[in-house]
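Below, read A as the first sequence line, B as the second, and so on, with proteins coming before strands; counting in each chain starts at 1. A quick note: this is a predicted structure, and the numbers were derived from the prediction, not measured.
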Amino acid sequence: MNKPVVVITGALTGIGRATALAFAKNGARLVVSGRRETEGKALEQELQKLGAEAVFVQADVRSDEEVRRLIDQAVARFGRLDVAVNNAGTEGQPGPIVNQTAESYAATFDTNVLGTLLSVKHELRVMSAQKSGSIINISSTYGHEGAAYASVYVASKHAVEGLTKSAALEAAASGVRVNAVAPGPTDTGMLDRFTATPENKAALVSTVPLGRVGKPADIAQMIVFLASDAASFVTGEIVSVDGGKSAG
Amino acid sequence: MTVQNDLSGKTALVTGASRGIGRATALALARAGAQVIVHYGNGEKEATAVVGDIRNGGGKAEKVTADLRAADGPHQLAERVRAIIGSRLDILVANAGISKAATIADTTVEDFDAVFAVNVRAPYFLVQQLLPVMCKGSSVIMLSSLAGHAVVGNLSAYAATKGAIDTLVKHFASALGERGIRVNAVAPGVVPTEMSNFTKTAEGRDFTMKMQALKRLSTPEDIAAAITFLASDQAQWITGDTLRVDGGSKL
């Protein structure tokens with residue numbers, strides 16, 4: 001697997017974008033996906049300028065048909081699928097539980113849980129037949145901790161961790177590994193929206209033992225490691241990349 | 001896909017590096033460019049061979065001995081290491097460990113104390129004694145185990161030492177974060193080494209394969225690869241974590 005074929009959902013910003021750049025530097029062939037075509041085409045060109053074979057495929061992870069098309073197009077273009085990074089996610093509508101609605105729940109769970117399930121479903125379809133592959137889901141520190149006023153997001157990321165372990169058990173027989181990375185507060189648009197004010201952001205970062213917010217590249221390096229041969233015995237694992245937030 | 005971790009210019013100490021996971025880790029860190037201090041307890045011949053392998057590959061290595069069962073063993077080891085590396089230790093892999101299978105009824109006070117001395121007390125005081133030469137970017141990696149969070153064999157005393165390691169990692173990571181020192185653990189599953197006879201019987205191999213999602217035996221190199229990654233700057237925002245490298249055991 002000299003030039004692995006990598007699919008990344010939610011690839012246009014933040015951790016997804018940093019992951020695409022990190023794989024490009026490691027010689028991967030890339031299928032980057034997201035909902036916005038202009039940004040997608042720009043990322044495709046940026047990756048190509050780095051010397052990577054790259055293509056943007058527009059897809060919404062909440063749609064079974066669109067995810068099917070994304071994975072099928074990746075295989076049609078490159079002949080195989082070695083790595084999938086299921087990064088598309090949303091912070092939803094943070095706030096007290098008493099303000100949550102069936103709609104706010106669905107808006108979060110459809111992307112974070114259903115989207116991850118549909119992605120794993122279509123990726124496994126290809127990887128199981130191929131007898132190899134590495135899937136990396138994106139959880140969060142909130143995938144294994146509670147947080148006031150973020151209950152729906154927290155619940156959705158807990159679901160991602162359970163899904164990851166179950167998928168690892170199902171996929172192992174065909175030589176496919178499934179892991180998750182659980183980032184702590186990482187410097188992205190999502191964190192800015194989530195914290196709303198610089199004061200809130202600083203307060204959150206002050207809970208990180210290493211004393212700084214995460215860089216998207218910090219998360220991307222772990223994702224690349226999990227995709228690599230160096231991690232060939234790692235499956236069903238949730239790796240915290242959080243500056244020590246879960247510990248301290 | 002192979003990812004290169006660049007450790008050139010870094011200094012590393014690996015305890016229990018004459019055999020098994022420690023040996024594989026010393027060789028992997030050296031291949032990535034680190035100068036490696038190869039600690040051994042009683043395998044001097046094997047430690048000499050590890051140092052020879054590293055030097056033959058163009059790397060830098062020295063061997064040191066210390067008895068980590070002794071109360072002042074970590075202090076002596078730290079002193080010897082500081083005499084070699086001077087003012088900066090970038091990587092500490094506290095790998096040395098012992099285990100003895102025994103039922104609760106058969107576990108003696110002596111065996112219990114010995115396993116806690118080597119597996120918990122020694123890493124604790126080794127970190128304490130080496131703190132003056134650790135700096136921003138230094139990385140400590142301790143060896144946990146699948147046994148620390150799941151029942152495998154008659155290993156209750158050993159398992160408790162590994163539970164202690166997972167706890168120490170969190171406290172050390174939290175306390176040393178402001179100095180930029182990272183502390184993590186790697187938790188192997190069943191690895192066929194001299195320390196573990198588990199996979200040397202058909203019954204043990206069968207148990208291992210049933211317990212693991214992945215149907216192959218682990219190798220010391222699997223564990224060394226994870227340690228090398230955690231030692232590198234590519235893991236610079238990872239601290240306080242125990243990374244399981246166990247083929248998906250007991251999920």
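The 12-atom threshold is exceeded at NZ of B:Lys200, counting heavy atoms of other residues, nucleotides or ligands nearer than 6.0 Å. The number of heavy-atom neighbours closer than 6.0 Å to OH of B:Tyr124, taken from other residues, nucleotides and ligands shown, is 12 or below. For B:Lys10, the NZ atom counts as densely surrounded, since its 6.0 Å shell holds more than 12 non-hydrogen atoms of other residues, nucleotides or ligands. For A:Gln48, the CD atom is densely surrounded, since the number of other residues' heavy atoms within 6.0 Å is greater than 12. With a 6.0 Å radius and a threshold of 12 heavy atoms from other residues, nucleotides or ligands, B:Lys60 has its NZ atom at or below the threshold.
Residues A:Ala168 and B:Leu251 come closest through the heavy atom pair CB-CD1, 3.9 Å. For the pair B:Ile238 and A:Val241, the tightest heavy-atom approach, listed with the atom from each and the gap, is CG1-CG1, 3.7 Å. Pairing each heavy atom of A:Ser240 with each of B:Asp241, the nearest pair is N-OD2, 3.3 Å. A pairwise comparison of heavy atoms in B:Ala225 and A:Ala230 identifies CB-O, 3.4 Å as the closest pair.
Heavy atoms of A:Ala231 lying under 4.5 Å from chain B are absent altogether. A:Arg177 touches chain B through its side chain: at least one heavy atom from C-beta onward sits under 4.5 Å away, while N, CA, C and O do not. Only the side chain of B:Gln212 comes within contact range of chain A, with at least one heavy atom under 4.5 Å from a heavy atom of that chain. When heavy atoms are compared at a cutoff of 4.5 Å, A:Val208 approaches chain B solely by way of its side chain, counted from C-beta outward. Contacts between B:Thr242 and chain A at a heavy-atom distance below 4.5 Å involve the backbone alone (N, CA, C, O). Looking at A:Val213, the atoms closer than 4.5 Å to chain B (heavy atoms on both sides) all sit in the backbone: N, CA, C or O. Heavy atoms closer than 4.5 Å to chain A are found nowhere in B:Ala235, neither backbone nor side chain. Within the 4.5 angstrom heavy-atom criterion, atoms from both the backbone and the side chain of B:Arg216 approach chain A. Contacts of A:Ser246 with chain B are absent, with no heavy-atom separation under 4.5 Å from either backbone or side chain.
Note that the CG atom of A:Asn26 and the CD atom of B:Gln4 stand 9.5 Å from one another [nearest 0.5 Å]. Taken to the nearest 0.5 Å, the CZ atom of A:Phe233 stands 8.0 Å off from the OG1 atom of B:Thr219. In this structure, the separation between CG on A:Leu210 and OG1 on B:Thr239 is 5.0 Å, given to the nearest 0.5 Å.
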*Full working for side chain to side chain contact (heavy atoms under 4.5 Å, CB included) between A:Lys215 and B:Gln236*: CA-CA 10 Å; A:Lys215 294 175 284 192; B:Gln236 64 177 258; 3.3 Å; yes
*Yes or no on side chain to side chain contact (heavy atoms under 4.5 Å, CB included) for B:Trp237 and A:Gln221, after CA distance, side-chain angles and deciding distance?*
CA-CA 10 Å; B:Trp237 206 51; A:Gln221 297 298 344; over 6 Å; no
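Taking the side chain as every heavy atom from C-beta outward, A:Ser232 and B:Asp222 approach each other to under 4.5 Å. With contacts defined as side-chain heavy-atom distances shorter than 4.5 Å, the pair A:Asp82/B:Met1 does not qualify.
With 3.5 Å as the limit, one finds no donor-acceptor pair spanning the side chains of B:Arg244 and A:Thr235.
Heavy-atom pairs under 4.5 Å with chain B were tallied for A:Ala220, A:Gly184, A:Gly175; the largest tally goes to A:Gly184. Note on B:Gly177, B:Ala173, B:Ser232: by heavy-atom pairs under 4.5 Å with chain A, the leading option is B:Gly177. When each of B:Thr228, B:Leu214, B:Val3, B:Asn184 is scored by its heavy-atom pairs under 4.5 Å with chain A, the top score falls to B:Leu214. Ranked by heavy-atom pairs under 4.5 Å with chain A, the first of B:Ser249, B:Ala213, B:Pro188, B:Ala226 is B:Ala213.
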